[in-house]
Amino acid sequence: MKKSTIIITIAALIIPAFINGKTVRRTLGIVQNSVPETTELATEEMEFIYDYKYCVDTTGLISDNYVSDPMVLQISPTGLSKFSSHKNLTVDSIINTITDEQRMAAASEGKLSNGEFMTIFKNYPEGKLTHTEKICTDWFKYEEEMPQFDWELTDSTITILGYECHEAKCHFRGRDWMVYYTPDIPLMEGPWKFNGLPGLIMKATDSKGEYSFECIGINSKASRKITIYNIPFNTTSRRKFYDTKHLYECNPYAYAETTAGIHVTVRDTAGNIVLDAFDPIDPLFDFIETDWRDKK
C-alpha cells in the first residue's frame, strides 16, 4: 500500500489540544476528498435537530470540557429513522457540488471539518437498530435488537420549544438517564437509541451530566432522503466496536499508521516535532455506553 503523508499541527487538528497544559484529546483531522455513493432507504416526513453535547475530560469541570455537535433525527412514515450529524450532511452536499480547487480552498478555511460520525438507524433492518461510525479512515457497522428501556414515569414537567414535556427515567447500559418527552408529538422516538415513550423525547441527560441531547429545531414539512453509505463496512459487534474506538482514542496517530498506512508527523505551533505524540493516553472520558468494558 502506498503511504500518504499528513502533517498535523496541534493548533489546527487536535480538538481540543490542551487545557491548562494538559492534553485532553487527540483527534486526527482528515478532510475527505469525495463522498461515498449512497443507498436510499426512505423519505423523511419530519426531522428534528438536537444539540448533542459530551464531556471530553471528566477530571475537570464538566461545563468547561464539552464538545457540541448538532444532530438531525429523520423520521419516515414507515417507522425507519436515522440520527446523524447535521454538519456532515451539509459537508457531503458541499463536496458533491464543488470542484477540486474549491474543495481545497474550503478545506483550508475549515469549512469541510466533519462532525460526529456516529449514525443510528432504527428499524433498519425492520425490528433492529444499526449503528455505523467512522474511526480514522475505517467504517464500522453493527446491528442489534431494538433496545428496550425500562422507563419510570414521573410527575415532573418542563417546556421545550413551546411543548410541555414529561419526565421519565431509566438505567441503560451503565448510565442513569433522565429524559423529557412530549405527548403532543405522538412519536415513540428520540435522539440516539432512545425510544418507547408515548411521545417524542425532546431532551435526555445522563445523571453525571457527561452526555446530553436537547431538541433545538423542528421541521414538520421535511422531505430529505434518508440514506446510508454504500460502502464495504467492517461488520462487528457492539463491544468489539467500542474496543476499537477505545484503541483509537488512546493513540490515534499509531492507529492511523497501523491501519490506514498514513505517516503522521505531529508538530507544535512553533513547527517543532512533538516527541511524545505517539505515547498512549487513556481517554479522560468514557463512552456513552459504559458496559462495553464488561466482558462477561
Side-chain angles (χ1 to χ4, degrees), residues 41-54 66 68-86 89 115-116 118-131 143-227 288-291:
L41 303 178
T43 300
E44 67 182 16
E45 63 177 357
M46 297 187 73
E47 69 178 29
F48 304 88
I49 306 299
Y50 288 83
D51 181 27
Y52 170 43
K53 292 181 179 178
Y54 60 95
Y66 276 127
S68 180
D69 195 21
M71 306 288 285
V72 57
L73 173 63
Q74 300 174 268
I75 298 178
S76 77
T78 64
L80 184 151
S81 70
K82 177 182 179 180
F83 185 70
S84 62
S85 169
H86 188 272
L89 288 175
E116 174 64 52
M118 170 187 67
T119 301
I120 305 293
F121 297 89
K122 298 194 191 88
N123 278 314
Y124 175 73
E126 185 175 354
K128 293 186 180 293
L129 181 147
T130 296
H131 178 141
E143 292 180 4
E144 60 176 311
E145 297 296 325
M146 282 289 289
Q148 300 297 310
F149 295 85
D150 187 16
W151 293 113
E152 174 191 349
L153 307 185
T154 78
D155 295 328
S156 180
T157 62
I158 61 172
T159 299
I160 300 174
L161 297 181
Y163 291 91
E164 183 180 61
C165 299
H166 301 264
E167 184 186 62
K169 297 180 179 180
C170 74
H171 181 82
F172 183 68
R173 294 178 178 170
R175 292 187 184 273
D176 293 314
W177 288 93
M178 176 177 65
V179 310
Y180 287 92
Y181 66 96
T182 177
D184 293 332
I185 304 178
L187 299 169
M188 298 178 71
E189 261 286 5
W192 188 52
K193 297 182 178 182
F194 295 120
N195 69 90
L197 284 168
L200 180 76
I201 296 172
M202 300 284 281
K203 183 177 181 178
T205 307
D206 81 291
S207 60
K208 296 179 179 180
E210 295 174 2
Y211 286 85
S212 69
F213 307 85
E214 183 167 358
C215 187
I216 57 175
I218 298 174
N219 184 356
S220 60
K221 297 181 179 180
S223 59
R224 198 197 310 258
K225 302 297 183 183
I226 298 178
T227 62
I288 191 168
E289 296 174 309
T290 64
D291 66 334

**Report entry** Backbone N/O of Ser207 and side chain of Asp176: donor-acceptor pair under 3.5 Å
**Finding:** no
Report summary line: Separation between CD1 (Ile158) and SG (Cys165), nearest 0.5 Å, reads 6.0 Å
Requested in this report: Report yes if the side chains of Phe149 and Leu197 come closer than 4.5 Å at any heavy-atom pair, otherwise no.
Outcome: no
Requested in this report: Hey, could you give me the NE2/CZ distance between His86 and Phe48, rounded to the nearest 0.5 Å?
Outcome: 14.0 Å
Query raised in the report: Quick one: does Asn123's side chain have a donor or acceptor within less than 3.5 Å of a partner on Gly79's backbone?
Result: yes
**Report entry** Gln148 side-chain N/O to Met146 backbone N/O, donor-acceptor pair under 3.5 Å
**Finding:** yes
Report task. Take Glu189 and Ser81 through the side-chain hydrogen bond (donor to acceptor under 3.5 Å, both in side chains) test and state the conclusion after the steps. Result -> CA-CA 9 Å; Glu189 261 286 5; Ser81 70; 2.5 Å; yes
Query raised in the report: Would the Phe213 and Tyr50 ring centres measure less than 6.0 Å apart?
Result: no
Query raised in the report: What pair of heavy atoms forms the shortest contact from Leu73 to Gly190, and how long is it?
Result: CD2-O, 3.6 Å
Query raised in the report: Are side-chain heavy atoms of Leu41 and Tyr124 found at a separation under 4.5 Å?
Result: yes
Query raised in the report: Would Lys128 and Glu144 pass as an ion pair if we require N to O under 4.0 Å?
Result: no
Report summary line: Which of Lys221, Lys82, Lys225, Arg224 passes salt bridge (charged side-chain N to carboxylate O under 4.0 Å, His left out) with Glu47? Answer is Arg224
Query raised in the report: Looking at His166, Lys169, Glu167, which hits side-chain contact (heavy atoms from CB on, under 4.5 Å) with Ser156?
Result: Glu167
Query - Side-chain donor/acceptor of Ser76 to backbone N/O of Leu80, under 3.5 Å - result: yes
Report task. Show the numbers, then the answer: is there a salt bridge (Lys or Arg N to Asp or Glu O under 4.0 Å) between Glu210 and Arg175? Result -> CA-CA 10 Å; Glu210 295 174 2; Arg175 292 187 184 273; 2.9 Å; yes
Query raised in the report: Any side-chain heavy atom of Leu161 within less than 4.5 Å of one from Met202?
Result: yes
Query raised in the report: Is a donor on one side and an acceptor on the other found under 3.5 Å between the side chain of Lys122 and the backbone of Trp192?
Result: yes
Query raised in the report: With sequence neighbours excluded, what pairs up with Glu44 under the salt bridge (Lys or Arg N to Asp or Glu O under 4.0 Å) test?
Result: none
Query raised in the report: For Met118, does its backbone N or O pair with a side-chain atom of Glu116 as donor and acceptor, under 3.5 Å?
Result: yes
Query raised in the report: Trp177 and Phe194: aromatic ring centres closer than 6.0 Å?
Result: yes
**Report entry** Exercise: do Asp206 and Ser212 side chains pair donor with acceptor under 3.5 Å
**Finding:** no
Report task. Hey, could you give me the NZ/CG distance between Lys193 and Asn195, rounded to the nearest 0.5 Å? Result -> 11.0 Å
**Report entry** Under 3.5 Å donor-acceptor, Thr119 side chain and Ser84 backbone
**Finding:** no
Report task. Would you name the heavy atoms of Pro77 and Thr43 that are closest together and state the gap between them? Result -> CD-O, 3.3 Å
